[in-house]
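Heads up, the thing below is written out as structure tokens.
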Amino acid sequence: MAQTYDHQAVESKWQSHWEQTGLFQIKEDATTPKYYCLEMFPYPSGRIHMGHVRVYAIGDVVARYKTMRGFHVLHPMGWDAFGLPAENAAIEKGVHPNVWTQENVAYMKQQLRRMGLSYDWDREVNTSQPDYYRWSQWIFLKMVDRGLAYRKRSAVNWCPSCETVLANEQVLAHEGKDGGVCWRCESVVIQKELEQWFFRITQYAQELLDGCDQLTSWPARVLAMQRHWIGRSEGVEIDFPVVDAREDVTAIRIFTTRPDTIHGATFMSLAPESPLVEQLIAGRPEADAVRQFVARVSRLDKATRTAADREKEGVFTGAYAINPFTQEHIPIWVANFVLYEYGTGAIMAVPAHDQRDFEFANQYTIPIRLVIQNPEGTLVPDALEAAYEAQVEAGALVNSGTFSGRSVSDGKQAIGEHVETQGWGKRTVNFRLRDWGMARQRYWGTPIPMLYCDQCGIVSVPEDQLPVLLPEDVPFTGKGGSPLKDSPSFAKVTCPTCGGTARRESDTMDTFVDSSWYFLRYCSPKDTQQPVNPDAAKHWMAVDQYVGGIEHAVLHLLYARFFTKVLRDLGLTTVDEPFVHLLTQGMVTKETYWCEEHRWVLPSDTKKVDGQRLCTQCERVIVIGRTEKMSKSKKNIASPEELCDRYGADTARLFSLFAAPPEKDLEWSDTGVEGCSRFLHRVWRLVQEQRAVFEEVQSTSGSASTALLVAVQRATHQTIQKVTHDLDRDFQFNTAIASLMELVNQLYKLMKDSPLEGLSVDERAGWRSAIECLLLLLGPFAPHIAEELWEMTGHATSIARQPWPVFNPDLVVSDEWTIPIQVNGKLRSKIIVQAGTTKDQIIATAQGDDKLQEWLQGKTARKVIYVEQKMVNFVI
RNA sequence: GCGAGAGUGGCGGAAUGGCAGACGCGCAAGAUUUAGGAUCUUGUGGGUAACCGUGGGGGUUCAAGUCCCCCCUCUCGCACCA
């Protein structure tokens with residue numbers, strides 16, 4: 001009995017069914033291999049968007065596929081639920097952040113459910129709830145114990161809009177804005193001098209760098225970004241004695257990666273923030289000018305000041321240092337491009353061989369001395385147009401005393417050694433990576449479990465007093481400062497050490513702390529003794545496949561790698577790296593519509609008249625704008641809910657997997673969605689029409705006997721082979737789905753060519769197994785319709801628990817070969833031969849081909865190339 | 001500037017060095033329908049043709065979208081890191 005495809009009914013039926021039967025709940029199982037499939041958990045902003053649909057569709061196909069391949073799959077979901085929007089909602093609407101967050105979680109959970117995702121909801125985590133954040137606090141305390149969390153005073157990035165400190169990773173470049181901007185609100189970030197909590201991520205810098213080599217299944221560009229962010233460089237620290245040294249500053253220590261050029265150091269430069277500056281200038285006539293310069297430079301935010309194209313500026317301190325290699329007295333300058341945080345905050349300046357020093361020296365007419373000559377020997381000291389920054393073997397040392405004549409690499413080595421034997425300094429390694437400033441002056445975050453006691457100083461909250469709960473009695477005013485300061489119940493506390501009065505830390509943790517270890521919590525989400533049960537972690541870790549956006553290439557992924565190493569050192573997990581494979585999916589984009597009168601407009605506010613698109617309000621012609629990431633402001637949003645209402649979750653999933661390879665941007669197309677919907681309807685109808693034919697027979701996998709059977713089985717098994725191959729190799733969902741479409745097209749053709757009446761039992765059985773294979777292959781992509789049709793064709797157990805079909809190589813091969821014939825590499829003809837025909841026979845047949853003879857024009861081929869089953873090429 | 005990636009029909013995109021353009025969209029014709037929509041079938045890189053076609057130019061090869069060299073364009077990331 002044929003039925004029409006009612007996606008609403010089918011989808012809600014199976015969603016309830018999966019839930020009621022607990023189909024996706026997973027336990028550790030020693031009998032089958034494990035697979036941990038994880039997508040980056042969402043921030044509960046209110047509703048899911050197409051980006052969510054895409055990433056979760058990708059993860060769900062992986063999880064379902066791996067399950068069918070015989071793995072027991074951990075596929076959890078949770079909420080990255082702390083963050084500023086909840087607090088802003090509290091300020092604007094008077095809703096408590098917790099209420100706002102929990103409502104959003106409930107709503108979005110129901111939306112995710114509608115997508116038919118195979119999550120084990122029993123493992124759900126929510127970072128904003130005490131049963132989670134107590135363990136973030138616990139980890140923090142362990143890090144304090146190990147010196148990995150500490151307080152220091154320093155210049156920090158401050159977002160004036162969010163009124164909080166930001167980590168370096170959270171300050172981003174922004175087109176059209178002078179300086180770095182906040183990763184969340186895009187306000188220009190300023191510098192503030194504050195005492196703050198930091199994580200000593202730099203202690204793991206080398207390991208984080210080395211670990212990149214293990215991550216062979218990560219996208220190259222993510223690794224490149226991580227390596228660059230860590231920024232290791234090898235060099236030498238060298239003391240330059242100060243002339244007429246005063247007691248407090250006898251030498252200036254510099255860091256250089258080019259010790260080979262030291263004989264060319266004709267001046268020094270200090271960072272404006274360096275305390276050495278004040279010590280050197282005190283009492284000198286230059287002091288005022290220097291102070292003015294320093295004040296002017298430090299007013300600028302860091303990003304502006306350090307822009308590469310910024311003019312080199314500086315001021316002479318009046319002091320001199322001694323180049324230890326030449327004994328020359330060289331002037332000490334303060335320069336705007338020297339960074340206090342990098343190296344020692346002081347450099348030796350070699351204008352001949354460093355572009356910045358070159359520009360600086362030209363500006364202030366400081367001598368330039370050539371100490372590396374190029375291999376051709378053509379460099380003339382007085383005629384340099386740019387610094388000669390030759391590396392490694394390219395040049396040779398000149399004007400360098402006993403070191404002259406050495407190669408660059410040789411010179412580096414020799415001078416480095418000389419510095420050490422003379423006791424002038426040491427060879428060392430420098431990193432660009434800075435410690436992670438992780439305290440935030442906000443309410444809706446994990447409270448930092450520390451106290452300030454008048455007697456004992458900084459005190460940890462004892463472990464048995466965790467969690468430090470967020471207080472309820474906090475007014476949300478939107479005014480600056482930490483809201484927790486204003487909670488009387490929270491701030492005042494008794495010191496656990498001396499019993500005196502103490503004040504609680506009122507800062508909360510950066511939300512990136514929460515997401516740095518959630519993947520471990522999923523292993524044992526209900527553990528009440530520790531953040532993660534080491535046995536559970538041993539079973540499940542590492543995450544085999546991680547899926548998420550490229551925007552976290554540095555931030556989240558670097559922090560998560562750091563935390564994994566910390567928790568490993570605490571004995572909670574045994575893995576060094578959390579994520580084995582990483583798939584960074586592209587953005588979901590859509591065309592934008594622009595009306596001169598009404599600016600960005602919704603597609604629904606436009607109409608098509610005579611092939612032109614007009615604004616419905618003002619009748620102006622709509623300009624089709626750039627295809628951009630979906631955003632509310634550009635009004636180029638497609639709504640997952642409308643999509644599910646109209647076409648169903650299966651269509652939404654299918655389209656987001658089919659329209660582009662997963663790592664590329666996906667351009668949303670309403671007609672493309674319809675194409676996918678059409679395909680599912682075709683599948684439905686195919687099965688309905690076939691059902692009557694094979695209802696009473698069992699499927700077969702035996703060798704075929706009739707032409708129809710051969711064709712049906714070949715199409716089916718070729719598709720099994722192709723889909724399996726596409727999924728195993730880099731998850732090429734788009735081509736996998738294309739081959740499923742091809743199979744359906746082929747089966748329709750075969751059905752048309754061989755009417756269903758009068759088929760043999762064998763042929764019916766062949767049809768049955770073809771349809772079953774089709775449904776099994778479709779299952780991970782469009783699970784609801786696959787379940788429904790699976791049930792309709794007489795199966796009692798879920799298709800999600802069936803083994804993945806295996807292709808039979810014997811059934812894939814064809815009984816005849818079509819061999820292209822080329823002349824000089826160009827296709828000129830084709831011949832059809834029986835499968836198994838030998839090379840000589842094929843060449844003979846080809847030579848008998850009329851078209852080929854025309855092309856040969858009586859000549860004999862100089863050479864004949866035959867590629868087994870592929871082609872013949874005659875070279876004349 | 002440095003790093004990563006990309007450039008193929010009207011569009012999204014396929015092609016272990018071996019038939020370029022799978023699959024889908026769009027478009028066209030036909031069938032069905034009172035009409036529209038929906039559905040189905042067929043066709044669809046360009047050119048009347050010989051032929052020409054994967055950003056441009058060289059090269060390797062019997063054979064290049066694919067490998068090598070040079071160049072151009074675009075996207076993303078980092079940008080004075082001594």
Side-chain angles (χ1 to χ4, degrees), chain A residues 172-173 219-225 227-229 231-233 235 254-258 261 269 271 303 305-312 335-339 341-350 353-357 359-360 430-434 550-551 553-554 586-587 627 654-655 658-661 663-676 678-679 681-682 685 722 725 729 732 734-745 748-749 752 818-830 861-876:
Chain A
L172 311 174
R221 63 172 171 153
V222 175
L223 289 175
M225 284 162 75
R227 288 192 177 106
H228 181 260
W229 192 264
R232 181 185 199 272
S233 51
I254 60 99
F255 172 74
T256 180
T257 56
R258 295 298 303 274
T261 64
S269 297
R305 209 187 101 197
T306 59
D309 50 2
R310 193 160 182 88
E311 202 182 321
K312 310 282 173 286
N336 63 342
F337 63 88
V338 179
L339 305 172
E341 314 87 67
Y342 188 79
T344 59
I347 60 169
M348 67 173 195
V350 185
H353 306 293
D354 181 284
Q355 187 58 29
R356 296 156 303 178
D357 297 340
E359 289 169 28
F360 195 89
N430 239 296
F431 292 95
R432 213 182 74 110
L433 183 70
R434 304 264 70 90
I550 188 74
E551 66 273 18
V554 175
M587 297 183 301
T627 297
L654 203 63
F655 178 75
F658 174 65
E663 63 281 358
K664 289 186 66 175
D665 284 355
L666 182 156
E667 190 182 334
W668 198 260
S669 147
D670 293 332
T671 51
V673 173
E674 277 178 38
C676 288
R678 204 145 43 216
F679 167 68
H681 277 93
R682 274 165 67 76
R685 201 161 52 81
K722 181 75 165 76
H725 180 258
R729 213 176 113 258
Q732 297 298 310
N734 55 329
T735 50
I737 292 168
S739 48
L740 287 175
M741 290 173 168
E742 239 173 309
L743 174 61
V744 170
N745 292 345
Y748 265 103
K749 271 207 187 80
K752 204 181 114 207
T818 304
I819 306 287
I821 298 172
Q822 298 179 343
V823 176
N824 288 341
K826 294 200 170 170
L827 178 71
R828 296 306 184 192
S829 183
K830 281 183 188 182
R862 208 152 40 82
K863 199 172 171 187
V864 180
I865 312 266
Y866 172 66
V867 182
E868 180 75 12
Q869 291 184 52
K870 280 278 171 60
M871 56 108 240
V872 188
N873 187 15
F874 290 87
V875 186
I876 55 173

Pick base, sugar-phosphate or nothing for [X], based on heavy-atom distances below 4.0 Å to the nucleic acid.
| X | answer |
| --- | --- |
| A/Asn430 | nothing |
| A/Gly675 | sugar-phosphate |
| A/Arg678 | sugar-phosphate |
| A/Arg729 | nothing |
| A/Asn734 | sugar-phosphate |
| A/Pro219 | nothing |
| A/Ser233 | sugar-phosphate |
| A/Arg685 | sugar-phosphate |
| A/Lys863 | sugar-phosphate |
| A/Gln822 | base |

Nearest to the side chain of [X], heavy atoms from C-beta on, is which of [options]?
| X | options | answer |
| --- | --- | --- |
| A/Met741 | B/C62, B/A82, B/C23 | B/C23 |
| A/Ala738 | B/C23, B/U16, B/U42 | B/C23 |
| A/Val875 | B/C80, B/C25, B/C62 | B/C62 |
| A/Thr735 | B/C80, B/G18, B/A14 | B/A14 |
| A/Arg356 | B/U16, B/C80, B/C78 | B/C80 |

message = Out of the candidates A/Asp357, A/Asp354, A/Val350, only one should pair with A/Thr261 under the side-chain contact (heavy atoms from CB on, under 4.5 Å) rule; please name it.
response =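 So, applying the side-chain contact (heavy atoms from CB on, under 4.5 Å) to A/Thr261 and each of A/Asp357, A/Asp354, A/Val350, only A/Val350 qualifies.
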query = Pick from A/Ile347, A/Ile254, A/Thr344: which one makes a side-chain contact (heavy atoms from CB on, under 4.5 Å) with A/Val338?
reply =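 The side-chain contact (heavy atoms from CB on, under 4.5 Å) with A/Val338 is passed solely by A/Ile347 among A/Ile347, A/Ile254, A/Thr344.
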task = Write down the distance between CD (A/Glu551) and P (B/U75), rounded to a whole number of angstrom.
result =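 Those two atoms, CD and P, are 20 Å apart.
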Please report the distance separating the [atom1] of [N] from the corresponding atom of [M], rounded so that it comes out in whole Å.
| N | M | atom1 | value |
| --- | --- | --- | --- |
| B/U73 | B/G56 | P | 15 Å |
| B/U32 | B/C40 | C1' | 8 Å |
| B/U54 | B/G65 | C1' | 5 Å |
| B/G59 | B/A79 | C1' | 36 Å |
| B/C52 | B/A64 | P | 13 Å |
| B/G26 | B/G12 | P | 15 Å |
| B/U48 | B/G1 | P | 45 Å |
| B/A35 | B/G53 | P | 48 Å |

Report each atom pair, protein N/O against N/O of nucleotides 1-12 of chain B, whose distance is under 3.5 angstrom.
from, atom 1, to, atom 2, distance (Å)
B/G12, O2', A/Ala659, O, 2.8

query = Reckon A/Asn873 has a side-chain N or O less than 4.0 Å from the OP1 or OP2 of B/C19?
reply =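 The answer is no; no side-chain N or O of A/Asn873 sits under 4.0 Å from OP1 or OP2.
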task = Please work out the stems of RNA chain B from pairs that are Watson-Crick or G-U wobble with both distances under 3.5 Å, keeping only runs of three or more consecutive pairs.
result =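 Detected stem regions: B:1-7 with B:72-78, B:10-12 with B:23-25, B:26-31 with B:39-44, B:55-59 with B:67-71.
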inquiry  = Judged by each residue's nearest nucleotide on RNA chain B, which is more toward the 5′ side, A/Arg682 or A/Gly343?
reply    =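 First, find each residue's nearest nucleotide; the 5'-ward one identifies A/Arg682.
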ask   = Which residue lies toward the 5' end of RNA chain B, A/Thr344 or A/Thr818, if each is placed at its nearest nucleotide?
value =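 Per heavy-atom nearest nucleotide, the more 5' residue is A/Thr818.
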ask   = Could you go step by step and tell me if A/Val875 and A/Asn824 meet the side-chain contact (heavy atoms from CB on, under 4.5 Å) rule?
value = CA-CA 5 Å; A/Val875 186; A/Asn824 288 341; 3.7 Å; yes
ask   = Ignoring hydrogens and angles, does a donor from either the side chain of A/Lys749 or the base of B/U41 sit under 3.5 Å from an acceptor on the other?
value =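 When only heavy-atom distances are counted, A/Lys749 does not reach the base of B/U41 through any donor-acceptor pair under 3.5 Å.
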request  = Evaluate whether atom CZ of A/Arg221 has more than 12 neighbouring non-hydrogen atoms of other residues, nucleotides or ligands under 6.0 angstrom away.
outcome  =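 Check fails, neighbour count at 12 or below.
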inquiry  = I'd like to check A/Phe658 versus A/Met741 (side-chain heavy atoms, cut-off strictly below 4.5 Å). Are they in contact?
reply    =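 Answer yes - side chains close enough.
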query = What is the glycosidic conformation of B/G9: syn, defined as within 90° of 0, or anti?
reply =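 That one's syn.
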